[in-house]
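As structure tokens, the structure follows; a few thoughts come after it.
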There are 2 protein chains.
Amino acid sequence: MKILFDQIALMYEDGHTESNMYLAVENETISYIGKNKPFGAFDRIISGKDKLLMPGFYNCHTHTPMTLFRGYAENLTLSKWLHEKIFPAEDKLYPQAVSIATLLSTAEMIKNGTVAFSDMYFFCEDIIEATVASGLKANISRSTVAFDPNITEKTDDRFKESIKLYEKYHNYANGRIKIDMSIHAEYSTVPASCHYISDYALDKGLPIHIHLSETKDEHMACIEKYGVTPTQFFEKNGLFRVPVIAAHCVHLTDDDMKIMAANGATAVHNPASNLKLGSGVARLENLLAANINVTLGTDGAASNNTLDIMKEAYLAAILQKGITGKTDSMQSGTFVRMLTENGAKMQGRVDCGKLAVGAKADLVMLDFDMVHVMPIYHYCDAFLYSANSSNVVMTMVDGNILYENGEYMTLDIEQIKFQFRQVTKNYFDR
Amino acid sequence: MKILFDQIALMYEDGHTESNMYLAVENETISYIGKNKPFGAFDRIISGKDKLLMPGFYNCHTHTPMTLFRGYAENLTLSKWLHEKIFPAEDKLYPQAVSIATLLSTAEMIKNGTVAFSDMYFFCEDIIEATVASGLKANISRSTVAFDPNITEKTDDRFKESIKLYEKYHNYANGRIKIDMSIHAEYSTVPASCHYISDYALDKGLPIHIHLSETKDEHMACIEKYGVTPTQFFEKNGLFRVPVIAAHCVHLTDDDMKIMAANGATAVHNPASNLKLGSGVARLENLLAANINVTLGTDGAASNNTLDIMKEAYLAAILQKGITGKTDSMQSGTFVRMLTENGAKMQGRVDCGKLAVGAKADLVMLDFDMVHVMPIYHYCDAFLYSANSSNVVMTMVDGNILYENGEYMTLDIEQIKFQFRQVTKNYFDR
């Protein structure tokens, strides 16, 4: 399959743009980028009139099936939200519910220009099969928890599940699926578990996905319990020997950031979830100044409530200005990088997240002929501050169009919505 | 014209909802609300399947023609943004540019479910005529500034312009247009001007629209200059004898809030603009606890960058939680009131902003059969946290449908976009 984007504005992973360009896709990859129309025949030529083409987005921290609980627990304290609503709701999970919820979530992400996501949850096989059906890329991790200090790799069923996942699904579906290791959080693990999981990750060359210093309370409780911050706890117990994917990072100290940076960790910024759950605002500028790889995540739909990663980029940008008062210290391209290249780097996908010949054709096309984005003085600023996910008109992964002008190519969306409604209607009555 | 909304979910101005309801509109007003289908013939019956019908939204502080400068000045300090970019750009304004920009802005607001806005700017006649053409309601005010301490009502041309506007346009277009008085801000006026403008407003029964304590710097400079806060300055100089519409209110003291509350003032919360310009976050919970009428505004598109009032409600809600850490202190219905009834109250429209028989049929209909809002446990929460302006499928003002499923009924949108592009293309070269 050969597709040509014809006289289109291109936005690269650093936010710089070029107008009236040609970009060709051949099978899975970008085969041409240039100012002149390439020779040869194409199966399809897509007009670039009023359109912007850019690398697709990475949602770097989510719990995909939690769309089941979107709007289920609102305006509560974090403790009530978690203990009285979310934990009991998760206790009722079953494979078919996870499967249909994942399908709905992928439909939402695809519509919003997402090409890849990183998930931490359970029922991972169901998540994977639904994701593969959608055509998206994903790094999937089985969330592990451990409370017994004497736990071993032989008694840790969740870790054993992680290993099985790795053996069965790592680089599955032509590499679209990868398996990461995961430790839920400092407050839900023990040192022993950190050691054998990070030993395994080191051996296999896998990242470890964790929640890190999301709330002030958990951060302070760790200092009280262990005399060190959660980041120092994980460092002490072996995690930073591998690339750590740390979600939230709201309450990191400057020293924590140094540990992250020195060890090639990624901080996943989740501004909507952190605000909505009352956790605060991560120090984005400091994370970047420390040379940490920073990406963006929506978190699960129970705390966001959407899987709209463009909204996260917008929130990240205006929050940084509003909280620090420094309105000129970050440029818009920085946020494009977080959405694209930094995500691909975090997921270990070296040939993704960028516009370059030979890179995977993971692309999103946005319509700029809409009243809320006019006029366009600079595409990158217009993209970040004026556009939103309603501007997305096409999402492509590995050269396959997954979504175009409201139509899904891989998903039977009416069937998915119908089944999702059936499942959620009876979910709490079972 | 008689229209029936058939078996639809209704959300009232306080956020409570009723499903499977009937709502009839006859000419300008809501003529029936009930659980049973009303008798009689209708010109049109609109299916309520998967839809939510609610009072339309009020954008209570904007500078409508500033869509001309959307994205023109990004990632700058406030001072550079204003003095090097926005002021020189505004110096080049001319009537046709204001007219076409206002038309584009009304198209954006209509698409986002807005039924009424409050504007403070200049070239007001052009703003008014474009607004009337769109079918929206608006309270328009001519921004006045004064730097000469000896200014009088005879030498103040902007005030004279305000009077002319009042005489020509107050209650124009069947009452859809109202004229408010305006004083730009404490730092751009003098006591003399406050006195004769508030005398006039008192005599005519008009509100005065101002910017108030938007930035820390202006707040502190006022204390240094006059020994009082901007709110106290305005109180001393007569403004609070009339209903004051105070935009921003980011740095109000507790005493300032008492003055506002005691005098029936309205605080317009502009969270996006306040973040993006680095001004901070208004203390929303305190404003409400002080019993101040609180509404929402987008501010102009040069600092937002959209005129999407649903986004403001969402931002207001998650910011309040994130900044205070109190996630259970405000319920979703509070934000629905800010969007609807509180706005109508601020604009002096007693028969608007609510679902009630006899009230004006200013309505917005949202589609909830969209993947990013499913499932619906509570409509009000789903509306606030999951939905966005892409859910809006119909906007009605005074019983006239202005927008439905992407189509505009009052505006030639392709012509407007074409002319807007022409104007902005050459704007800075003149």
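Here is how names work: the chains are called A, B, and so on, in the same order as the sequence lines, proteins then strands, and each is numbered from 1. As the structure is a computational prediction, the values presented were derived from the model and not from experiment.
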In terms of heavy-atom pairs under 4.5 Å with chain B, the winner among A/Lys216, A/His378, A/Lys111 is A/Lys111
Part of A/Ile413 within contact of chain B (heavy atom distance under 4.5 Å): side chain
If you count heavy-atom pairs under 4.5 Å with chain B, which of A/Asn112, A/Val373, A/Ile376 comes out on top? A/Val373
Honestly, the part of A/Phe428 sitting under 4.5 Å from a heavy atom of chain B is side chain
Whatever's closer than 4.5 Å to a heavy atom in chain B on A/Ile416 counts as neither
So what's closer than 4.5 Å to chain B heavy atoms on A/Ser332: side chain, backbone, both or neither? both
Reference residue B/Asn75; test side-chain contact (heavy atoms from CB on, under 4.5 Å); the match among A/Thr327, A/Asp381, A/Leu384: A/Asp381
Which atoms of A/Met330 are under 4.5 Å from chain B, going by heavy atoms: the side chain, the backbone, both sets, or neither? backbone
Is there a side-chain contact (heavy atoms from CB on, under 4.5 Å) between A/Met374 and B/Leu104? Walk through the geometry before answering. CA-CA 9 Å; A/Met374 298 173 73; B/Leu104 189 94; 4.3 Å; yes
Of the backbone (N, CA, C, O) and the side chain (C-beta and beyond), which part of A/Ser390 lies under 4.5 Å from a heavy atom of chain B, both, or neither? side chain
Assess the side chains of A/Tyr314 and B/Asn305: does a donor N or O sit below 3.5 Å from an acceptor N or O? no
Toward chain B, the part of A/Leu315 with a non-hydrogen atom under 4.5 Å: side chain
Is it the backbone or the side chain of A/Asp369 that comes under 4.5 Å from a heavy atom of chain B, or both, or neither? both
Over 12 non-hydrogen atoms of neighbours within 6.0 angstrom of OH in B/Tyr377: yes
Count the heavy-atom pairs under 4.5 Å between each of A/Asn388, A/Leu307, A/Asn304, A/Leu78 and chain B, then report the option with the highest count. A/Asn304
Only pairs of heavy atoms separated by less than 4.5 Å count here; which of B/Gln331, B/Lys326, B/Gln320 has the most with chain A? B/Gln331
Shortest non-hydrogen contact from A/Arg70 to B/Val371? NH2-O, 2.9 Å
With respect to chain B, which residue among A/Thr306, A/Ile323, A/Thr424, A/Leu76 yields the maximal number of heavy-atom pairs within a distance under 4.5 Å? A/Leu76
CA sep, side-chain torsions, deciding dist, call: B/Lys276, A/Ile318, side-chain contact (heavy atoms from CB on, under 4.5 Å): CA-CA 5 Å; B/Lys276 187 149 178 273; A/Ile318 63 168; 4.1 Å; yes
What part of A/Val423 gets within 4.5 angstrom of chain B, counting heavy atoms only: side chain, backbone, both, or neither? neither
A/Tyr408 versus chain B, the contacting section by heavy-atom distance below 4.5 Å: side chain
Side chain / backbone / both / neither for A/Lys80 at chain B, heavy atoms under 4.5 Å: neither
Contact origin within A/Tyr72 toward chain B - heavy atom pairs under 4.5 Å: both
Check ion pair A/Arg421-B/Asp50 (N to O, under 4.0 angstrom): yes
